[in-house]
Enquirer: 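Before anything else, here's the structure in question.
As a basis for the values below, the full set of heavy atoms in this structure was taken, side chains included, without hydrogen atoms, waters or symmetry mates. Note that ligands are numbered from 1 as they come in the structure, with each ligand's atoms numbered from 1 the same way.
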Amino acid sequence: MCGIVGYIGHREAYPILIKGLHRLEYRGYDSAGCALLGKELTIYKAKGKVSDLEAVYEKSPQPAGEEPTVGIAHTRWATHGAPSERNAHPHLSESGSLTLVHNGIIENYASLREQLQKRGFTFKSDTDTEVLVQLIEYQKQLHQSDLAEAVRSALKLAIGAYAIAVIDKSEPEKLVCARKSSPLAIGIGEDDSEFFIASDASPIAEYTKKIVYLNDEEVAVVVRGKELYVTNLMGDETEADVKEVNVDLSMLDHDGYPHFMLKEIFDQPNVLKDCMRGRIVGDDHNLKVVLSAVTQNRRQLLRARRIVIVSCGTSWHAGLIGKQLIEHFCRIPVEVAYASEFRYSDPVIEPDDVVIAISQSGETADTLAAIQQAKQQGALIYGIVNGVGSSIARESHAGTYIHVGPEIGVASTKAFTGQVVVLTMLSLALGMAKGTVEQEEYEETIKELLLIPEKIEEVLKQNDKIERLSKQFTYARNFLYLGRGYNYPVALEGALKLKEISYIHAEGYPAAEMKHGPIALIDNEMPVVFLTNHHRRYQKVISNLQEVISRHGNILAIINKGDEQVKKMVDSYIEVPETLSCLTPLISVIPLQLLSYHIAVSRGLNVDQPRNLAKSVTVE
Ligand code: M6R
């Protein structure tokens, strides 16, 4: 789950590579490096962030007037080998002629390394990647072949996942790249004379809209000023599928906010409107949800006797909400599985099952593997994805993009609400097609869904208050989040947000389950975030609240606006506008996102790039 960038053309490569790395830094920031091929091949590396790499470059920049126009670069999330300069990419081949960047994992690296060592190759890093560049060089020598052929031969021997870019001093007009199970996009410059390589479209979008997403086991050769040539590993030419990709570049900048996470929290009202646009149609008296994927796959969806949702992390929490929505509106039993568990659990999948994959990036390795397996077993795969053209989107038979724009902050915020909105629309559309939802409830839910963006705006107006409240928690060591029904997955999500960016241990629990164990943790030092804004189970939640009050827990309650009863009972509260039970997650998650953000900021932490994490988990 690293980020790779490459450029070959007529412009100076370094600034393009660095800008690209900044855009991909969400994928990992343990080390960064770049290789520039001019008269010489020069490699710069730094432990840490892309800014550290820039500092290294500034100390010995390329001579003015001789700036190379070919290069590759990398930002790393460490898997094999600790974060360090020596393990930073690009890695060099034995002769020093070839250099390579890689995103993925070479599973058989140990045996390949041993074989290469026997043939005199020496290794300077602890990475699995170095094996690839040495193997390519070995294949090149062995078969007296060119770089592209050597890459193909080497990749036939490699087991695992890769997106790579390689350059070779002896073939300076070429850049070769390839992928399997890790994403890789190639941008074709406007005059077809320059090419941009990247792990996603964000580093490419400002130069060109023409993008080719390589398929698994494809190798692309780009020749400066000439051509893009794609083959499979056997060397047979395959057709490059050139897509027109539009990325809203304003979404890739902070836009005046101190962090991407805060910007993305504040983006929610607008992007959720984008998510619903064209999908909720009609006027006030005749509103309906139209999802083309549901229309096109109506027969198969109606036949489903069971739905399995596979996802990870925040997307899994959205899946738990999706289960409640689908079971309520469509009366179809739903199971929600962690993709990483599902894939190795020998799952029972019947041809009439529908498997829904939820993923922001569309590149999560476990989710991708889970749907590949379910597909083989005959299920219809429905993707709910943000990354347009991503691997999961392409692997799905049908799907609905959440269309919330690029999410850069590692902590997922707007993708979560986008996923819940799509799951709501899907449940309504399917429920209507099945006849399991009453017209009145259908219309009421759609109308209320359309009001969600402005209700979120209302919550966002309390940002200053939430920031003030957060100060008392700067030094908290533990947190408990409690909610019931639709708010239980929100409790899990609130706890995850806090954990990942502020490093405070937090647990989410169903409020009523607390008395079966976690209640023992409660004392006056335990902050408890209580989600009471759920009117269907309100009285039950109040009883659970009493249980915590009796044990002197420090309660911060999320309450429906004007709930005087709870206001009097708790230490602090945040008021949110009322909505339908099934839509409460879309409202109650907002103060939790802001709370974790402000706690992390007050602890002086890097909110957008929390330690040990990366945005897109493309390794298992
Ligand atoms: O891209 P995906 O939605 O498939 O990613 C799944 C998880 O890795 C992701 O939601 C992760 O838990 C987030 N960092 C949470 O904020």
Enquirer: Is there a side-chain contact between Val294 and Tyr382 (heavy atoms, below 4.5 Å)?
Expert: yes
Enquirer: Counting N and O atoms only, with roles assigned by atom type, does the side chain of Asp128 sit under 3.5 Å from a partner on the main chain of Ile106, one being a donor and the other an acceptor?
Expert: yes
Enquirer: Cationic tip of Lys465 within the cone over Tyr573's six-membered ring, i.e. under 6.0 Å and within 45° of the normal?
Expert: yes
Enquirer: Distance only, no hydrogens: is a donor on one side chain within 3.5 Å (strictly under) of an acceptor on the other, for Ser315 and Gln360?
Expert: no
Enquirer: Are any of the N/O atoms in Ser359 less than 3.5 Å from those in ligand 1?
Expert: yes
Enquirer: Please could you name the atoms of ligand 1 that Ser361 approaches to less than 4.0 Å, counting only its heavy atoms?
Expert: 1 (O), 2 (P), 4 (O)
Enquirer: side-chain contact (heavy atoms from CB on, under 4.5 Å), that's the test. Do Asp30 and Lys47 meet it? Break it down for me.
Expert: CA-CA 6 Å; Asp30 288 331; Lys47 178 174 184 247; over 6 Å; no
Enquirer: Which residue owns the protein heavy atom closest to atom 6 (C) of ligand 1, what's the atom, and how far is it?
Expert: Cys312 O, 3.3 Å
Enquirer: Can an N or O of Val410 be found at a distance shorter than 3.5 Å from an N or O of ligand 1?
Expert: yes
Enquirer: Could you list which atoms of ligand 1 come closer than 4.0 Å to a heavy atom of Thr314?
Expert: 10 (O), 12 (O), 15 (C), 16 (O)
Enquirer: Using a 4.0 Å cutoff against the non-hydrogen atoms of Ala411, which atoms of ligand 1 qualify?
Expert: 16 (O)
Enquirer: Considering heavy atoms of the protein only, find what lies nearest to atom 5 (O) of ligand 1 and give residue, atom and distance to 0.1 Å.
Expert: Thr364 OG1, 3.4 Å
Enquirer: Can you report which non-hydrogen protein atom sits closest to atom 8 (O) of ligand 1, along with the distance?
Expert: Val617 CG2, 3.9 Å
Enquirer: Any idea how His74 and His89 line up, ring-wise: parallel (<30°), tilted (30 to 60°), or perpendicular (>60°)?
Expert: parallel
Enquirer: Are Glu395 and Ile392 packed together at the side-chain level, in the sense that at least one heavy-atom pair is separated by less than 4.5 angstrom?
Expert: no
Enquirer: Among all protein heavy atoms in this structure, tell me which lies nearest to atom 16 (O) of ligand 1, with the distance rounded to 0.1 Å.
Expert: Glu500 OE2, 2.4 Å
Enquirer: Side chain, backbone, both or neither: which part of Lys497 comes within less than 4.0 Å of ligand 1 when only heavy atoms are counted?
Expert: side chain
Enquirer: Is the shortest heavy-atom distance from the side chain of Arg76 to the side chain of Thr127 under 4.5 Å?
Expert: yes
Enquirer: Enumerate the atoms of ligand 1 whose separation from the nearest heavy atom of Gln360 is less than 4.0 angstrom.
Expert: 1 (O), 2 (P), 3 (O), 4 (O)
Enquirer: Counting each atom of ligand 1 from 1 as listed, which ones have a heavy atom of Ser315 under 4.0 Å away?
Expert: 2 (P), 3 (O), 10 (O)
